[in-house]
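Let me begin by presenting the structure, written as structure tokens, before commenting on it.
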Protein chains: 2
Amino acid sequence: MTVSLAEIREQSGEVFTDGCPTRVVLDHIMSKWGVLVLLALTDGTHRWGELRREVEGISEKMLASTLRTLEADGLVVRTAHPEVPPRVDYALTELGHDLMEHMLPLVGWVARESDGIVGRSAD
Amino acid sequence: MTVSLAEIREQSGEVFTDGCPTRVVLDHIMSKWGVLVLLALTDGTHRWGELRREVEGISEKMLASTLRTLEADGLVVRTAHPEVPPRVDYALTELGHDLMEHMLPLVGWVARESDGIVGRSAD
DNA sequence: CAGGATCCTCTATGATACTG
DNA sequence: CAGTATCATAGAGGATCCTG
């Protein structure tokens, strides 16, 4: 099992340096809203309006922006149905599912440990 | 294995909602510099100056700020040696190692897949 | 309904200089 | 060496109105 940055670099080269593509991807998928949107989509396909409600507190602007970024990255697929009123839904691509398979253990850990972390400064 | 947000919520309750502590922790550990600092520390204890060089591009201000946050969260431990000139080093706590054990698979995935993701918009 | 366009705010982040 | 203090700024993010 991989346990250090050094091991990752043995396999993938000098990653996570300044200007490295890995930093861009990190910014996309680990951004404030990126994680939450991806997370919501692990429950399956969602419509725009559903995502707005599911990802509590996100503004329309950030939802649109986040979805466009994730779509450009090939992690999310957008499907517009030719109807009136419009219906558009979003889902994870295969790459997106692959990503979330690796991210969910971390997210699960955060869900379990957060109570013990936040407010610790008040010790 | 956990495969969706719904499953996480079955186990941990209504997490990742607005105002939930999980969002704060997410912001700390998945912040631009938080990830990179934590990642650098998976290689072992580092001195302040080493971290500045290891985490390419980070400013002194952000390094200080990031380290203080992670220390307050109990993920990183700071040790000041009573010497002249001063020597201070930083290391992951047990909790920090536990966290990184869950984060490294994701980081490894990013290292492997990033080339295929960035620039995809130029298809 | 699903966004686009605008305007505005604030905070994360940077650059520089200084100190125990 | 290991920071802190200050000043400055871009861009993340929010609120609102508008439209196919």
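Throughout, a chain's letter reflects where its sequence line sits, starting with A, and its residues are numbered from 1.
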>> What I'd like to find out is whether the side chain of A:D89 reaches to under 4.5 Å of the side chain of A:H46, using heavy atoms alone.
In response: no

> So, do B:V37 and B:L67 sit near enough that their side-chain heavy atoms are less than 4.5 Å apart?
Replying inline: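 They are in contact (side-chain heavy atoms under 4.5 Å apart), so the answer is yes.
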
[X] has an atom [atom1]; how far is it from atom [atom2] of [N], in whole Å?
{"X": "B:R68", "N": "C:dA12", "atom1": "CZ", "atom2": "C1'", "result": "14 Å"}
{"X": "B:M62", "N": "D:dA5", "atom1": "CE", "atom2": "P", "result": "16 Å"}
{"X": "B:Y90", "N": "D:dC1", "atom1": "OH", "atom2": "P", "result": "15 Å"}
{"X": "B:E71", "N": "D:dG3", "atom1": "CD", "atom2": "C1'", "result": "13 Å"}
{"X": "A:L51", "N": "C:dG3", "atom1": "CG", "atom2": "C1'", "result": "13 Å"}
{"X": "A:L63", "N": "C:dA2", "atom1": "CG", "atom2": "P", "result": "10 Å"}
{"X": "A:D89", "N": "C:dG3", "atom1": "CG", "atom2": "C1'", "result": "15 Å"}
{"X": "B:L67", "N": "C:dT13", "atom1": "CG", "atom2": "P", "result": "14 Å"}

>> According to side chain to side chain donor-acceptor pair (under 3.5 Å), who are the partners of B:Q11, at least two apart in sequence or on a separate chain?
In response: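 Scan of B:Q11 (side chain to side chain donor-acceptor pair (under 3.5 Å), adjacent residues dropped) gives none.
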
>> Over the length of the helix from C:dC1-D:dG20 to C:dG20-D:dC1, how much do the five-pair end axes diverge, rounded to 10 degrees?
In response: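 Rounded value for the end-axis angle: 60°.
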
> Which pairs with one or both residues in residues 59-72 of chain A pass side chain to side chain donor-acceptor pair (under 3.5 Å), sequence neighbours excluded?
Replying inline: A:R52-A:E60

> Which pairs pass side chain to side chain donor-acceptor pair (under 3.5 Å) with one or both residues in residues 75-84 of chain B, sequence neighbours excluded?
Replying inline: B:E83-B:R87

>> Could you work out, with salt bridge (Lys or Arg N to Asp or Glu O under 4.0 Å) as the rule, every residue matching A:R47, not counting sequence neighbours?
In response: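 Salt bridge (Lys or Arg N to Asp or Glu O under 4.0 Å) check on A:R47 returns nothing, list empty.
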
>> Tell me whether the side-chain N/O atoms of A:R52 come closer than 4.0 Å to OP1 or OP2 in C:dG3.
In response: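 Negative; the distance criterion is not met.
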
>> For DNA chain C, which residues of residues 37-50 of chain A approach it to below 4.0 angstrom with any heavy atom?
In response: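 Listed by number, they are A:R47, A:W48, A:G49.
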
> Where along residues 22-36 of chain B does a heavy atom fall under 4.0 Å from DNA chain C?
Replying inline: B:K32, B:W33

>> B:E10: which residues meet the side-chain contact (heavy atoms from CB on, under 4.5 Å) condition with it, sequence neighbours left out?
In response: none

> Step by step, would you call B:V55 with B:L63 a side-chain contact (heavy atoms from CB on, under 4.5 Å)?
Replying inline: CA-CA 9 Å; B:V55 183; B:L63 179 55; 5.6 Å; no

Sequence neighbours left out, cut at 3.5 Å: what donor-acceptor pairs do the side chains of residues 98-110 of chain A make with other protein atoms?
from, atom 1, to, atom 2, distance (Å)
A:D98, OD2, B:W109, NE1, 2.9
A:H102, ND1, A:D98, O, 2.8
A:W109, NE1, B:D98, OD2, 2.9

Just distance, no hydrogens or angles: give the donor-acceptor pairs under 3.5 Å from side chains in residues 28-35 of chain B, sequence neighbours left out.
from, atom 1, to, atom 2, distance (Å)
B:H28, ND1, B:D73, OD1, 3.4
B:H28, ND1, B:D73, OD2, 2.5
B:S31, OG, B:H28, O, 3.2
B:S31, OG, B:G34, N, 2.9

> For A:T45 and A:L92, what are the C-alpha separation, side-chain angles and deciding distance, and is it a side-chain contact (heavy atoms from CB on, under 4.5 Å)?
Replying inline: CA-CA 8 Å; A:T45 300; A:L92 293 177; over 6 Å; no

> For B:V25, does its backbone N or O pair with a side-chain atom of A:S114 as donor and acceptor, under 3.5 Å?
Replying inline: no

>> Could you go through B:L36 and A:F16, starting from their C-alpha distance and side-chain angles, then the distance that decides it, and tell me whether this counts as side-chain contact (heavy atoms from CB on, under 4.5 Å)?
In response: CA-CA 8 Å; B:L36 297 174; A:F16 302 111; 4.1 Å; yes

> To which residues is A:M1 joined in a hydrophobic cluster, defined by side-chain heavy-atom contacts under 4.5 Å among Ile, Leu, Val, Met, Phe, Trp and Tyr, whether direct or through other members?
Replying inline: A:V3

>> Base contacts versus sugar-phosphate-only contacts with protein, heavy atoms under 4.0 Å: please encode nucleotides 15-20 of chain D as B, S and - from 5' to 3'.
In response: B-B--B

